[in-house]
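Take a look at the structure below.
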Amino acid sequence: MTDAPRIAADDLASRDWFFCGIGGSGMLPLALILRGMGARVAGSDRSRDQGRTPEKFAWLESLGFQMFEQDGSGITSADQILVASAAVEDTVPEMVRAKTLGCTRMSRAELLSTLFNAAPQRIAVGGTSGKSTVTGMIGWILTEAARDPTIMNGAVMKNFVADDAPFASARVGAGDVFVSEVDESDGSIALYNPAVAVLNNVSLDHKSLEELRALFGDFLARAGSAVVNADDAESMSLISRAQYALTFGFSAAAQISVEEGSVSEGPATISARVIDRRSATTHPLTLQVPGRHNLANALAALAAADAAGVPLGDAVRHLGGFAGLARRFDIVGTSASGVTVIDDFGHNPEKVAATLATVKAHPGRVIAFFQPHGYGPLRQMGHELAEVMATRLGADDVTILCDPVYFGGTVDRSVGSERIVSLIREHGGTAEHIPARTDCASRIVALARPGDRVVIMGARDDTLSLFARDILKLM
C-alpha cells in the first residue's frame, strides 16, 4: 500500500474506490458524493457483517454500490484506491490485502479535502460542537437560494431525506459551492483551504486546548473570511489570525445577533428577531428545532451565508424551513402514558450540556441515558462529562450509563462507565451503571412515569436510534 498521491479532483470520477467502513458517518457521505460524480465505489463495513442497520447497506446496494464482507475479498486490483479512516487498524483484512497489492490509500480527510479544495467557493465549518447542524443549515439556505451546493455532513439532513435517499448525509449539487464540516480531532482540519471558515467554539474533546488553539488559529488564517462565535472566549482569542472576520452570537459585541428580549422558546421550536448590527436591520426568525444552542447555530449559519453573498433577510427566510438533523434533539415520540423519548448525538461535555439545557428548559423529570462512544474518549473527557451530567440535571433526574461502544480492536478497556458513574455521584448527581444496553432499556421503562423525558445520548452507533424507538414502544 502506498501513501496517497495528489489526485486531481477531475480524475476522481475515473478511479475505482473501495471504502473500508463505508457506513460510518464520515465515510458514507463521501461515498455518496463520489458515486454522484459517476465514480465506481465499493465497500465493506463491520456493522454490516454484524447485522446492524441492514437497511442502510441494502440502500447502498440499491444505488449501485458493491458491498463485500470485511474479509479482504473486495480488494482485487492494485488500481483500486482504499479509503479508510485513521481509526482503521493495519490488521483489518482490507488493509492487509491492499498493502500486498500495492494499492494507494487515502484517508477520509485527504479525499474530502481534495474534493473541497477544488470547488470555486468553499465553506468549512469547524469547532468542537454544532458543526453538523450549522453545515446543514448553511446547506439548506444555499439550496433555497438556488446556489445548488454540494454538502458534506456527518448527519442525516431531514430536508433532503426522500424515499430514494433515506440516509441523506450528503447532497451533490452542480453549483460552485461546497459546504463541509471539518474535523479537528485528528488534525485533518489543516488540509482544508476555505473561502469562508466558520468557528463555532473551542473546547475540550479529543485534543488539548493548546493543540486546538493552534489548529483553529491556522484554520482562520487560511480563509478569505472568518465567521467567529463572539460568545466563546477561546474562539475570540483567535480572531486576530483572520484576514477578515464576521462575528455572531448573543453577545452585544456580535455583528449578527438577536434583539434583547426577543427570544421565545417552545418544546420543539425557538423564535427571535435577528439583528444585523452593521446596518441595524432586524428580521424575524422561527426555527423548527428547539434550544438556545440551535439559535446560536442559526446565527453562525446566517453569518456564513452572508459571507457567501446571500442577503441576510433572504437567509433568515430560508432558514425558517430547516427541518433539522437526525439524532440532533430528535423527538422520537410520546407514549400513551405521557413519556417523551428524545434521540440525541450528545457525546462530549459541550454537546451533552446543550442537550440537557434544552430538555431542562421545560418542566418534567429527565432520565438521561448515555452510551460512551469509546474507551479512549471516556478517559480524555470523563471528568468533564461527569460534572455536566451531575450539575445540569436536578435532584429528581437520573443518569444511566451502559458500557462504552466497542466494535473490536485493541483499545485499552480497563477503565469504563463505572468510573463516570462514581464521578457523577461525587458531584452530587444520581447515576447508575448497567453494563448491558438491553438491561438499561428495562430499567428506563421501570423508572419512567407520566411527564418524564427520556434522552438517549451517544455517538458512533447507528443502532442508538433503534434503541430509542424500542424504548418508546415499551412505554
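- Between the side chain of Arg222 and the backbone N or O of Tyr192, at least one donor-acceptor pair lies under 3.5 Å.
- Across every non-hydrogen atom of Ala170 and Met157, the tightest pair is N-CE, 3.9 Å.
- Ion pairing between Glu184 and Lys131 holds under the 4.0 Å rule for side-chain N and carboxylate O.
- With hydrogens and angles disregarded, a donor-acceptor distance shorter than 3.5 Å links the side chain of Asp232 to the backbone of Ser235.
- Contact check on Asp330 versus Arg327 returns no salt bridge, with no Lys/Arg side-chain nitrogen under 4.0 Å from an Asp/Glu carboxylate oxygen.
- Formation of a donor-acceptor pair under 3.5 Å by the Arg122 side chain with backbone atoms of Val196 is not found in this model.
- Residues Gln121 and Arg147 meet the side-chain proximity criterion, which asks for heavy atoms closer than 4.5 Å.
- A salt bridge links Asp306 to Arg278: at least one charged side-chain nitrogen sits closer than 4.0 Å to a carboxylate oxygen.
- Taking 4.5 Å as the limit, every side-chain heavy atom of Asp462 sits out of range of all side-chain heavy atoms of Arg52.
- Close placement of the Phe467 and Phe369 rings is indicated, their centers lying within 6.0 Å of each other.
- A ring-ring contact (aromatic ring centres under 6.0 Å, His included) check over residues 234-253, counting only residues at least two apart or in different chains, returns nothing.
- Taking the side chain as every heavy atom from C-beta outward, Leu209 and Glu234 approach each other to under 4.5 Å.
- At least one side-chain heavy atom of Met137 sits under 4.5 Å from a side-chain heavy atom of Leu319.
- Counted within 6.0 Å of CD on Glu260, heavy atoms from surrounding residues, nucleotides or ligands total 12 or fewer; the atom is thus considered open.
- Distance alone, capped at 3.5 Å, is enough to place a donor-acceptor pair between the Gln243 side chain and the Ala221 backbone.
- Heavy-atom minimum distance, Gly320 versus Leu285: N-CD1, 4.2 Å.
- Using a 4.5 Å heavy-atom threshold, the side chains of Leu32 and Val172 count as separate.
- Put simply, the side chain of Thr334 never gets that close to the backbone of Val339: no donor and acceptor are under 3.5 Å apart.
- The shortest heavy-atom contact between Val227 and Ala307 is CG2-CB, 4.3 Å.
- In this structure, the side chains of Thr135 and Ile151 come closer than 4.5 Å at one or more pairs of heavy atoms.
- Taking a 6.0 Å sphere around CZ of Arg15, one finds it holds 12 or fewer heavy atoms contributed by other residues, nucleotides or ligands.
- Residues in residues 357-371 take part in these side-chain hydrogen bond (donor to acceptor under 3.5 Å, both in side chains) pairs, two or more places apart or across chains: His293-Thr358, Lys360-Asp397, Arg365-Asp452, Gln371-Arg437, Gln371-Asp461.
- Between Trp17 and Phe19, the ring planes lie tilted relative to each other; the angle falls in the 30° to 60° range.
- Across Ser465 and Asp343, no two heavy atoms sit closer than the pair OG-OD2, 2.6 Å.
- A salt bridge does not link Arg328 to Asp344: none of the charged side-chain nitrogens sits closer than 4.0 Å to a carboxylate oxygen.
- Under the ring-ring contact (aromatic ring centres under 6.0 Å, His included) criterion, the residue pairs touching residues 139-174 are Trp59-Phe167, Trp140-Phe160, with sequence neighbours excluded.
- Between the side chain of Thr104 and the backbone N or O of Ile81 there is no donor-acceptor pair closer than 3.5 Å.
- Looking at Arg35, its side chain does come within 3.5 Å of a backbone N or O of Leu63 through a donor-acceptor pair.
- For the pair Val258 and Leu295, the minimum side-chain heavy-atom distance is below 4.5 Å.
- Inter-residue side-chain proximity for Leu142 and Val310 is flagged as met; some heavy-atom pair is nearer than 4.5 Å.
- If you check the side chains of Ser188 and Asp183, you find no donor sitting under 3.5 Å from an acceptor.
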